[in-house]
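Heads up, the thing below is written out as structure tokens.
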Amino acid sequence: MSRTEQLSLLPPAAPLAIAAEATLLPRFAASVADAAPTLLAPVLEQAPLRHMVTPGGQRMSVAMTNCGEAGWVSDRGGYRYARVDPASDRPWPAMPPPLRRLAQRAAASVGFDAFEPDACLVNYYAPGTRLTLHQDRNERDLTAPVVSVSLGLTATFLFGGLNRRDPTQRIHLHHGDVVVWGGAQRLAFHGIAPLHEGEHPVTGRCRINLTFRRAL
């Protein structure tokens, strides 16, 4: 058994404070992490991964899709949430219930009770891809937290302050780790450093990130 496989069998560890109202929950998603690709299969079949385009016309390096009542989209018209997938003009796939419950448990465990996510962004990172520092600010309800679940290859999470030039922490996220931030940190800048090459027994040569939000 590899070290990665051994780590995936460990129980959740104690929460680690990143900042006020921002918490790392090591291996919190361990109970569903290995099953997540199977749970996501119907989502990807109905709404396949795609590389969206920024308002400036640049192709995003991270492939993504959505599930839930709303989906985050980007094109030359701007960043926004839409109730239908623009690629098919159909509603986004339903959010898998075990994943929704996981996000709700994670939020409640750090004091964000009654979290009702209506959007889940599904991001696939191949080695070399990255996500530059940004704020999640397209949601109408900024009182609800963001719940981010890491699956597969280890990534370096960049977590800054409310201004782009604030100091940035570098936090290693492993398979099954969850980060929750809200309240005073809801608009903190964050991103992902370029993903290192590797192979994970559950996801293969990629990292999957699930980001749950209250968008509408």
If the plane angle is over 60° it's perpendicular, under 30° parallel, otherwise tilted; pick one for Phe159 and Trp181. perpendicular
Candidate list Val149, Asn123, Thr203, test side-chain contact (heavy atoms from CB on, under 4.5 Å), partner Ile208, passing option: Thr203
With a 4.0 Å cut-off, would you call Asp118 and Arg83 a salt bridge? no
Tell me, yes or no, whether the heavy-atom count around His51 atom NE2, taken from other residues, nucleotides or ligands under 6.0 Å, exceeds 12. yes
Indicate whether any N or O donor in one side chain lies under 3.5 Å from an N or O acceptor in the other, for Arg130 and Ser61. no
Is the shortest side-chain heavy-atom distance between Phe28 and Arg105 below 4.5 Å? yes
Heavy-atom closest pair (Ala184 atom, Leu162 atom, distance to 0.1 Å) is O-CD2, 3.7 Å
Can you tell me how far the OG atom of Ser74 sits from the CZ atom of Arg80, to the nearest 0.5 Å? 8.0 Å
Do Leu39 and Leu102 sit in the same hydrophobic cluster, where Ile, Leu, Val, Met, Phe, Trp and Tyr count as joined when their side-chain heavy atoms come under 4.5 Å apart? yes
Answer yes or no: is there a side-chain heavy-atom contact under 4.5 Å between Tyr125 and Asn209? yes
Using a 6.0 Å cut-off, check whether atom NE2 of His134 has over 12 heavy atoms from anything other than its own residue. yes
Heavy-atom side-chain contact between Asp85 and Arg50 under 4.5 Å: yes
Working for side-chain contact (heavy atoms from CB on, under 4.5 Å), residues Leu153 and His196: CA-CA 8 Å; Leu153 293 178; His196 292 303; over 6 Å; no
From Leu173 atom CG to Leu24 atom CG, the distance as rounded to the nearest 0.5 Å: 6.5 Å
Contacts of Arg205 meeting side-chain hydrogen bond (donor to acceptor under 3.5 Å, both in side chains) (sequence neighbours excluded), chain-then-number -> Glu197
Heavy atoms only: give me the nearest Pro37-Ala33 pair and the separation to one decimal. CD-O, 3.7 Å
So, does Trp92 use its side chain to make a donor-acceptor pair with the main chain of Trp72 at under 3.5 Å? no
Under 3.5 Å donor-acceptor, Glu139 side chain and Tyr81 backbone: no
Donor-acceptor contact below 3.5 Å, side chain Asp75 vs main chain Gly77: yes
Do the side chain of Arg214 and the main chain of Phe115 share a donor and acceptor less than 3.5 angstrom apart? no
Before you tell me yes or no, could you show the steps for Ile192 and Thr129 under side-chain contact (heavy atoms from CB on, under 4.5 Å), namely the whole-Å CA-CA distance, both residues' side-chain angles and the distance that decides it to 0.1 Å? CA-CA 9 Å; Ile192 294 290; Thr129 57; over 6 Å; no
Does some side-chain heavy atom of Ile171 sit less than 4.5 Å from a side-chain heavy atom of Gln169? yes
Please check: side-chain N/O of His190 versus main-chain N/O of Ala188, any donor-acceptor pairing under 3.5 Å? yes
Kindly compute the distance separating CG (Leu195) from CG (Leu131), expressed to the nearest 0.5 Å. 12.0 Å
Would you say Ile18 and Leu16 are hydrophobically clustered, going by side-chain heavy atoms of ILVMFWY under 4.5 Å? yes
So do Val147 and Pro117 actually touch side chain to side chain, heavy atoms under 4.5 Å? no
Would you name the heavy atoms of Ala119 and Ala215 that are closest together and state the gap between them? CB-CB, 4.1 Å
With heavy-atom distances below 4.5 Å as the criterion, would you say the side chains of Leu210 and Val122 are in contact? yes
Atom of Asn66, atom of Gly71 and distance for their closest heavy-atom approach: CG-CA, 3.4 Å
Does any N or O in the side chain of Arg165 come within less than 3.5 Å of the main-chain N or O of Asn163, such that one atom is a donor and the other an acceptor? no
Contact between Thr156 and His172 at the side-chain level, heavy atoms closer than 4.5 Å - yes or no? yes
When every non-hydrogen atom of Cys67 is compared with those of Ala94, the smallest separation belongs to CB-O, 3.8 Å
Within the distance-only criterion (no hydrogens, no angle test), does the side chain of Gln135 pair as donor or acceptor with the backbone N or O of Leu187 below 3.5 angstrom? yes
Under 4.5 Å between side-chain heavy atoms, counting indirect links through other Ile/Leu/Val/Met/Phe/Trp/Tyr residues: same cluster for Phe212 and Leu121 or not? no
Is the shortest heavy-atom distance from the side chain of Val84 to the side chain of Arg90 under 4.5 Å? no
Pair Ser109-Leu25, side-chain contact (heavy atoms from CB on, under 4.5 Å): steps then yes or no: CA-CA 9 Å; Ser109 75; Leu25 303 172; 3.6 Å; yes
Is Met64 linked to Val43 within one hydrophobic cluster, defined over Ile, Leu, Val, Met, Phe, Trp and Tyr using a side-chain heavy-atom separation of less than 4.5 Å? no
Hydrophobic cluster membership, Met95 vs Leu40, 4.5 Å side-chain cutoff: yes
Side chain of Arg27, backbone of Gly176: donor and acceptor closer than 3.5 Å? no
In a check of side chain to side chain donor-acceptor pair (under 3.5 Å) between Ser150 and each of His175, Arg207, His174, which one passes? Arg207
side-chain contact (heavy atoms from CB on, under 4.5 Å) evaluation trace for Leu151 with Val202: CA-CA 8 Å; Leu151 305 168; Val202 174; over 6 Å; no
Under the 3.5 angstrom rule, does the side chain of Arg186 hit a backbone N or O of Asp136 as a donor-acceptor pair? yes
When rounded to the nearest 0.5 angstrom, what is the spacing between CG in Leu142 and CZ in Arg140? 12.0 Å
Using every non-hydrogen atom in the two residues, find where Arg170 and Ala193 come nearest and quote the distance to one decimal. NH2-CB, 4.2 Å
